[in-house]
Amino acid sequence: MRVLVTGGAGFIGSHVIDALRARGHEALVYDVRQDPAADVRDPVAVGRALDGVDAVCHQAAMVGLGDGVADAAEYVSRNDLGTAVLLAAMAGAGVPRLVLAGSMVVYGEGRYECGEHGVVRPLPRAVAALDAGRFEPPCPVCGRDLAPGLVAEDAPADPRNVYATTKLAQEHLAAAWARSTGGTAVSLRYHNVYGPRMPRDTPYAGVASFFRSALARGEAPRVFEDGRQRRDFVHVRDVADANVAALEAGAAGGTLTA
């Protein structure tokens, strides 16, 4: 299979390239890091890159939480406009399969349950509460303590920032493309990917390496708040293997989010 990997020179994309080639596939890198003209927002460049391609693994995106809404236009341009241009070019070229780099951030703050009101969506944490050492959000209805739980794959989307909103929009765009063309779109919702080649400016995922380095120096890892919060991490090679498995799956036309 001939696979175009957008963002193929990046952290996750480069591992996807390695995994595809290890499985005997022809993996093509499309990344502005290697070629400034390789922008997913450029329909001409994307159209040329799709020549002879069987599938696309779409990893290119502007990541991170950003600066409130000040950089919203840039996030929407890179993530949503870029995805729309890519999907339109795929429709024109007859490329039938897409694997999209999704994100767990579309689920919002996680799953919380109140003893009286059941599963609820907490409000943003108040600065005064944090200053007072109250780190867990209260029930938005009665103010009682909430019990945190595990987020299921079918949990409702609740994007809380610009980046999360663009990632969810990417999935809706991919679903619209699949319904229109009969293609297959799979979104893999990553959560805190870590491993070799990880950027140094991603502390939310780099905490594993930070902790390991502190322990190797004989120091206690630095933990913020009360240390009771939980967060999942996934190794980049597992993410790459999941992308290859999704590309190789003989799914029928339609959409699947995993």
Side-chain angles (χ1 to χ4, degrees), residues 5 7-22 29 31-34 57 59-68 70-71 74-75 78-79 101-112 122 124-138 145-151 159-164 166-167 188-245:
V5 182
F11 168 43
I12 297 175
S14 64
H15 284 277
V16 173
I17 291 287
D18 291 345
L20 283 167
R21 290 173 178 170
V29 176
D31 198 308
V32 291
R33 295 176 183 87
Q34 288 192 350
C57 187
Q59 305 293 318
M62 184 175 177
V63 299
L65 298 182
D67 183 21
D71 46 11
E74 188 69 12
Y75 272 95
R78 291 181 180 274
N79 296 351
S103 174
M104 279 282 288
V105 74
V106 301
Y107 292 118
E109 294 299 318
R111 185 182 190 276
Y112 287 92
R125 300 185 300 174
V127 174
L130 298 177
D131 290 342
R134 297 191 301 273
F135 301 115
E136 294 297 333
D145 291 340
L146 297 175
L150 301 178
V151 178
R160 296 289 184 101
N161 54 62
V162 170
Y163 171 65
T166 65
K167 295 307 290 183
L188 302 175
R189 290 175 173 171
Y190 310 152
H191 196 192
N192 290 343
V193 184
Y194 74 99
R197 308 173 204 157
M198 182 173 60
R200 295 184 179 181
D201 58 350
T202 54
Y204 66 94
V207 64
S209 62
F210 295 160
F211 280 9
R212 183 186 182 281
S213 296
L215 293 170
R217 294 192 302 267
E219 302 171 358
R222 186 179 184 185
V223 178
F224 295 94
E225 301 189 2
D226 58 11
R228 298 175 60 189
Q229 288 71 34
R230 295 179 296 178
R231 188 169 291 272
D232 291 327
F233 296 87
V234 59
H235 197 276
V236 66
R237 293 196 183 99
D238 292 328
V239 170
D241 288 342
N243 274 271
V244 176

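Between Lys167 atom NZ and Tyr190 atom OH the span is 8.0 Å, to the nearest 0.5 Å. Residue Asn192 holds its CG atom at 8.5 Å from OG of Ser103, rounded to the nearest 0.5 Å. Put simply, CD on Glu74 and OG1 on Thr166 are 11.5 Å apart, with the number rounded to the nearest 0.5 Å. Annotation: the span from Arg237 atom CZ to Tyr194 atom OH amounts to 10.0 Å, rounded to 0.5 Å.
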Run Phe233 and His191 through ring pair (Phe, Tyr, Trp, His ring centres under 6.0 Å) and show every step you take.
CA-CA 6 Å; Phe233 296 87; His191 196 192; 7.5 Å; no
Is there a side-chain contact (heavy atoms from CB on, under 4.5 Å) between Asn161 and Val105 once you walk through the steps?
CA-CA 9 Å; Asn161 54 62; Val105 74; 4.1 Å; yes
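Residues Val5 and Gly13 approach most closely at CG1-O, 4.1 Å, considering heavy atoms. Summarising the geometry of Asp241 relative to Ala19, their closest heavy-atom pair is OD1-CB, 4.2 Å, with the distance given to 0.1 Å. Of all heavy-atom pairs between Val63 and Tyr163, the closest is CA-CE1, 3.7 Å. For the residue pair Gly68 and Val162, the shortest heavy atom distance occurs at O-CG2, 3.5 Å. The two residues Gly8 and Asp31 have their closest heavy-atom pair at N-OD2, 3.4 Å. When all heavy atoms of Val236 and Ile12 are compared, the pair lying nearest together is CG2-CA, 4.0 Å.
Proximity of Val207 to Arg231: side-chain heavy atoms (C-beta onward) are nowhere separated by under 4.5 Å. Two residues are said to be in side-chain contact when any heavy atoms from C-beta on lie closer than 4.5 Å; Leu130 and Phe135 meet this criterion. Residues Val29 and Ile17 form a side-chain contact, since some pair of their non-hydrogen atoms from C-beta on lies under 4.5 Å apart.
Distance alone, capped at 3.5 Å, is enough to place a donor-acceptor pair between the Tyr75 side chain and the Gly64 backbone. With His15 contributing its side chain and Arg197 its backbone, the two residues share no donor-acceptor pair below 3.5 Å. For Asn79 (side chain) and Ala61 (main-chain N/O), no donor-acceptor pair under 3.5 Å exists by modelled atom type. Ser213 places no side-chain N or O within 3.5 Å of a backbone atom of Phe210 that could act as its donor or acceptor partner.
No more than 12 heavy atoms of other residues, nucleotides or ligands shown are found within 6.0 angstrom of CG on Asp145.
Evaluated for a side chain to side chain donor-acceptor pair (under 3.5 Å) with Glu136, the options Arg228, Gln229, Arg125 yield exactly one hit, Gln229.
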